[in-house]
Amino acid sequence: MGILRPVAVVTTLSTILLSILWRATLDLAQETFLQCLLENSLRSHPISAAIYTPQSSSYSSVLESYIRNLRFNETSTPKPFLILTASHESHIQAAVLCAKKQDIQMKVRSGGHDYEGLSYVSTVPFFVLDMFNLRSVDVDIGNETAWVQTGATLGEVYYRIAERSNIHGFPAGVCPTVGVGGHLSGAGYGNMMRKYGVSADNIIDAQFIDANGRLLDRKSMGEELFWAIRGGGGASFGVILAYKIKLVRVPQKVTSFQVERTLEENATDIVDQWQHVADKLPEELFIRLALDVVNSSRSGEKTVRASFISLFLGDSETLLSIMNERFPKLGLSKSDCIETSWVRSVLFWADIPIETKIDVLLDRTPQTLVSLKRKSDYVKEPIPKAGLEGIWKRMIELQVPKMFFNPYGGKMAEIPSTKIPFPHRAGNLWKIQYLANWNESGIEAANHHIGLTRKLYDYMTPFVSRNPREAYLNYRDVDLGTSYNGKPVYSEGRVYGIRYFKGNFDRLVQIKSKVDPSNFFRNEQSIPVLPYQENRDDQ
Ligand SMILES: Cc1cc2nc3c(=O)[nH]c(=O)nc-3n(C[C@H](O)[C@H](O)[C@H](O)COP(=O)(O)OP(=O)(O)OC[C@H]3O[C@@H](n4cnc5c(N)ncnc54)[C@H](O)[C@@H]3O)c2cc1C
Ligand SMILES: *[C@@H]1O[C@H](CO)[C@@H](O)[C@H](O)[C@H]1NC(C)=O
Ligand SMILES: *[C@@H]1O[C@H](CO)[C@@H](O)[C@H](O)[C@H]1NC(C)=O
Ligand SMILES: *[C@@H]1O[C@H](CO)[C@@H](O)[C@H](O)[C@H]1NC(C)=O
Ligand SMILES: *[C@@H]1O[C@H](CO)[C@@H](O)[C@H](O)[C@H]1NC(C)=O
Ligand SMILES: *[C@@H]1O[C@H](CO)[C@@H](O)[C@H](O)[C@H]1NC(C)=O
């Protein structure tokens, strides 16, 4: 004890030496990069004010401002050597040109909601291009369109639309703090998808900075690249500065409800009926099913609670007549129905009291932050009742993970699966989201909760899609495979790529190989370049 074996001493010494050497080269590379940024600064838009290094006093607060999964707010989480809070397109162009020259890993962050923190964490040295200063939303009601910069949140988009019109909206996610950049480039769905498709189905133009630092729009980038950045994930192709979106019509009055039933209240029968109608109801009606474990009315026992959360683009009378005819087992009553404007239904869905002033949608900080894990699945056939009962039993054993079932059908089933890279269309009854949230910090708590989520996911195998087992890109899940060195290899990329994009994966690879052959825009789950191009890099 206390005596180190010679081999250990040598190993330790060389490790220290190596890390000193490594640090020296790294610092030099970082210094060169910083210099390059400053040299590429325009006098009219100095870049220096947008640069934060770990030495800057506000570095930590800038970094933490958009960490939306506290699992990645630990001292052990890898941190960027620099954050660039771009406030002008020239800052993005400088970042791309300088980083590409030195092959430095860049991460682009808009709202920071990536479930695996891929926009602000990396296993290799990296910097963050932060988009939050680029967040203008210009609504053109006459043309029913809007130009939205990617640093905007969904709440800002909804607010700016509602400010101008009470009969327009936009089909996107239910959480107002989600960023436009990741959400729209990765598809983006919400409670109007059965009528209007995903967000990316409603993008009509873009402002985009490519691997050569060029600022392009739809016309100059061409239809192939424009196809890719509507659901293929922005991070594989370039930096999206703004999207032009098509607004959609909403009635002046919409109806929401949330109705809960436990197993003692016949939840199994009601869920069974939901399975057979949810994707076939009129496309104005979206009924999410949330499942979690709660205390039963019988003391000391647990039960499963099924919550039916709905948006209907119409009034409560019409809704009640549809429900009585198509989904009577829920027993929806007039008093369950909440009629509001569309924008107030956004508050309802975000768990914000509906009478709150709507400027709450401009708040960029979520009401609560937790550590979390998410996974996804697609269901193609109703689950037999015995299957449901088995699922309840498993959920009660595991207790932690919840599930959301989000019904498809309607417009989702009509849009061809090749129209944009997002492939999950006809044939899907609903998508499952697995959710685990926890407040404890540290790796042990994380492993515990992630482990439980994987167990529920494993249990669901017989009931969900297979070959491939499909997944939704915006429900980022590194369990599906990664390229750990940050340089996606085609064969590795195909593993997760097929699950996120099915048959569209190969087209994304073709486009990627053409527009970014040196694979500058990459992350742990990006689209790889063709194998030929990988080899060429090595020669
Ligand atoms: C609380 C919460 C609620 C959610 N609700 C929904 C929902 O209702 N519906 C739904 O579909 N999804 C939902 N999501 C998932 C969400 O759509 C994705 O996490 C989305 O990618 C987040 O976008 P972001 O800009 O906030 O994320 P970021 O973490 O900033 O980015 C996500 C990915 O996109 C890349 N990226 C970001 N901006 C750009 C850009 N300007 N150019 C190029 N690449 C970029 C990043 O590098 C990263 O790879 C939710 C997530 C959370 C945390
Ligand atoms: C993130 O971590 C920092 C440093 O430990 C801490 O000060 C901050 O409160 C954390 N953020 C949240 C939202 O918990
Ligand atoms: C539509 O946009 C064009 C170009 O921005 C503008 O000239 C025109 O007035 C707009 N149309 C309406 C009806 O507002
Ligand atoms: C459950 O279903 C049974 C049989 O259909 C019915 O008698 C009972 O009232 C239902 N319970 C609730 C709480 O709806
Ligand atoms: C659930 O029951 C347990 C005891 O069985 C109790 O400690 C806990 O507070 C209950 N939770 C709620 C939300 O009532
Ligand atoms: C985490 O803590 C918050 C605030 O105390 C609480 O409201 C929430 O229920 C907790 N979440 C979990 C998953 O324990």
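Along the sequence shown, the residues carry numbers beginning at 1.
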Are the ring centres of F170 and Y158 closer than 6.0 Å?
-> no

Show your working on side-chain contact (heavy atoms from CB on, under 4.5 Å) between V178 and T153 and close with a plain yes or no.
-> CA-CA 5 Å; V178 166; T153 61; over 6 Å; no

D103 side-chain N/O to A99 backbone N/O, donor-acceptor pair under 3.5 Å = no

Decide yes or no on side-chain contact (heavy atoms from CB on, under 4.5 Å) for L311 and R288, but give the supporting numbers first.
-> CA-CA 9 Å; L311 175 72; R288 166 185 281 182; over 6 Å; no

Check: Y378 ring centroid to Y408 ring centroid under 6.0 Å = yes

Inspect the surroundings of NZ in K411 and state if more than 12 heavy atoms from other residues, nucleotides or ligands are less than 6.0 Å away.
-> no

Grab the two heavy atoms, one from S417 and one from P423, that are nearest each other, plus how far apart they are.
-> CB-O, 3.3 Å

Could you tell me which non-hydrogen atom of A50 sits nearest to which non-hydrogen atom of H91, and how far apart they are?
-> CB-ND1, 4.2 Å

Are E116 and R476 within salt-bridge range, i.e. N to O under 4.0 Å?
-> no

Which pair of heavy atoms, one from V529 and one from V509, lies closest together, and at what distance?
-> C-CG1, 4.1 Å

Ring-ring centroid check F127 F33, cutoff 6.0 Å = yes

For the pair Q433 and S376, evaluate side-chain hydrogen bond (donor to acceptor under 3.5 Å, both in side chains) and give the outcome as yes or no after the intermediate values.
-> CA-CA 5 Å; Q433 181 183 38; S376 61; over 6 Å; no

Would you mind checking if D130 and K107 are paired as a salt bridge, meaning a charged N to carboxylate O distance below 4.0 Å?
-> no

Test item: side-chain donor near acceptor, S136 and Q149, under 3.5 Å | yes

What do the steps show when you test Y52 against T85 for side-chain contact (heavy atoms from CB on, under 4.5 Å), and what is the final call?
-> CA-CA 8 Å; Y52 295 82; T85 60; 3.5 Å; yes

Quick one: are V108 and I92 in side-chain contact, heavy atoms under 4.5 Å?
-> no

Note, F126 side chain near F81 side chain (heavy atom, < 4.5 Å) | no

What distance separates D479 CG from K375 NZ, expressed to the nearest 0.5 Å?
-> 3.5 Å

L129 and M131: CA distance, side-chain angles, deciding distance, side-chain contact (heavy atoms from CB on, under 4.5 Å) verdict = CA-CA 6 Å; L129 173 64; M131 300 292 287; 4.2 Å; yes

Ion pair check, R494 and D506, cut-off under 4.0 Å = yes

What's the spacing between T145 OG1 and K246 NZ if we round to 0.5 Å?
-> 7.0 Å

Min side-chain heavy-atom separation V379-N428 under 4.5 Å = no

Drop me the distance from S236's OG to I229's CD1, to the nearest 0.5 angstrom.
-> 12.0 Å

Report yes if the distance between the aromatic ring centroids of W147 and Y243 is under 6.0 Å, otherwise no.
-> no

Does a side-chain heavy-atom distance below 4.5 Å link F208 with D217?
-> no

Nearest heavy-atom neighbours spanning R499 and P468 | CG-CB, 3.9 Å

First locate atom OG of S199, then atom CE of M192, and finally report the distance between them rounded to the nearest 0.5 Å.
-> 9.0 Å

Is any side-chain heavy atom of E64 less than 4.5 Å from a side-chain heavy atom of N73?
-> yes

Looking only at atom types and distance, does a side-chain atom of Y66 sit under 3.5 Å from a main-chain N or O of F132, one as donor and one as acceptor?
-> no

Straight-line distance of L247 CG to D140 CG, nearest 0.5 Å = 8.5 Å

side-chain hydrogen bond (donor to acceptor under 3.5 Å, both in side chains) between R374 and N437, intermediate numbers included = CA-CA 9 Å; R374 300 287 188 266; N437 294 339; 3.0 Å; yes

If you take all heavy atoms of G232 and I527, which pair is closest and at what distance?
-> O-CG1, 4.3 Å

Can you name the one residue among I209, D210, L216 that meets side-chain contact (heavy atoms from CB on, under 4.5 Å) with N212?
-> D210

Run the salt bridge (charged side-chain N to carboxylate O under 4.0 Å, His left out) check on E283 and R194 step by step: do they pass?
-> CA-CA 5 Å; E283 57 190 24; R194 301 192 63 250; over 6 Å; no

Applying side-chain hydrogen bond (donor to acceptor under 3.5 Å, both in side chains), run through T53 and Q55 and close with a yes or a no.
-> CA-CA 5 Å; T53 65; Q55 287 74 44; 3.2 Å; yes

Pair Q105-S122, side-chain hydrogen bond (donor to acceptor under 3.5 Å, both in side chains): steps then yes or no = CA-CA 8 Å; Q105 172 78 59; S122 177; 4.5 Å; no

Atom CD1 in I203, atom OG in S185: separation rounded to 0.5 Å?
-> 8.0 Å

Does the cation-pi check pass for K100 over F520, that is, NZ or CZ under 6.0 Å from the six-membered ring centre and within 45° of its axis?
-> no

Option passing side chain to side chain donor-acceptor pair (under 3.5 Å) with D377 (candidates Y434, Y472, Y475) = Y434

Donor-acceptor pair, side chain of S165 and main chain of I167, under 3.5 angstrom = yes

L289 and F404, any side-chain heavy atoms less than 4.5 Å apart = no

Atom CG of D351: over 12 foreign heavy atoms under 6.0 Å = no

Measure across S345 and T340 and return the closest heavy-atom pair with its distance rounded to 0.1 Å.
-> N-OG1, 3.4 Å

Look at the side chain of T356 and the backbone N and O of I352, then say whether any donor-acceptor pair between them is shorter than 3.5 Å.
-> no

Using 4.0 Å as the upper bound for N to carboxylate O, is an ion pair formed by E470 and K431?
-> no

Hey, are R364 and E156 close enough for a salt bridge, meaning a charged N less than 4.0 Å from a carboxylate O?
-> yes

Can the ring centroids of H424 and F422 be said to lie less than 6.0 angstrom from one another?
-> yes

Salt-bridge criterion met for R507 and E224 (N-O under 4.0 Å) = yes

Cut-off 3.5 Å, side chains only: do N406 and Y189 have a donor facing an acceptor?
-> yes

Donor-acceptor pair, H449 side chain versus A445 backbone, under 3.5 Å?
-> yes

Test item: I450 and R71 side chains (from C-beta on) under 4.5 Å apart, heavy atoms | yes

Carboxylate-amine/guanidinium proximity below 4.0 Å for E223 and R218 = yes

Is there a side-chain contact between S48 and L38, using heavy atoms and a 4.5 Å cut-off?
-> yes

Could you tell me whether K373 and D477 make a salt bridge, using a distance below 4.0 angstrom between a side-chain N and a carboxylate O?
-> yes

Thinking salt bridges, do E163 and R160 make one under a 4.0 Å N-O criterion?
-> yes

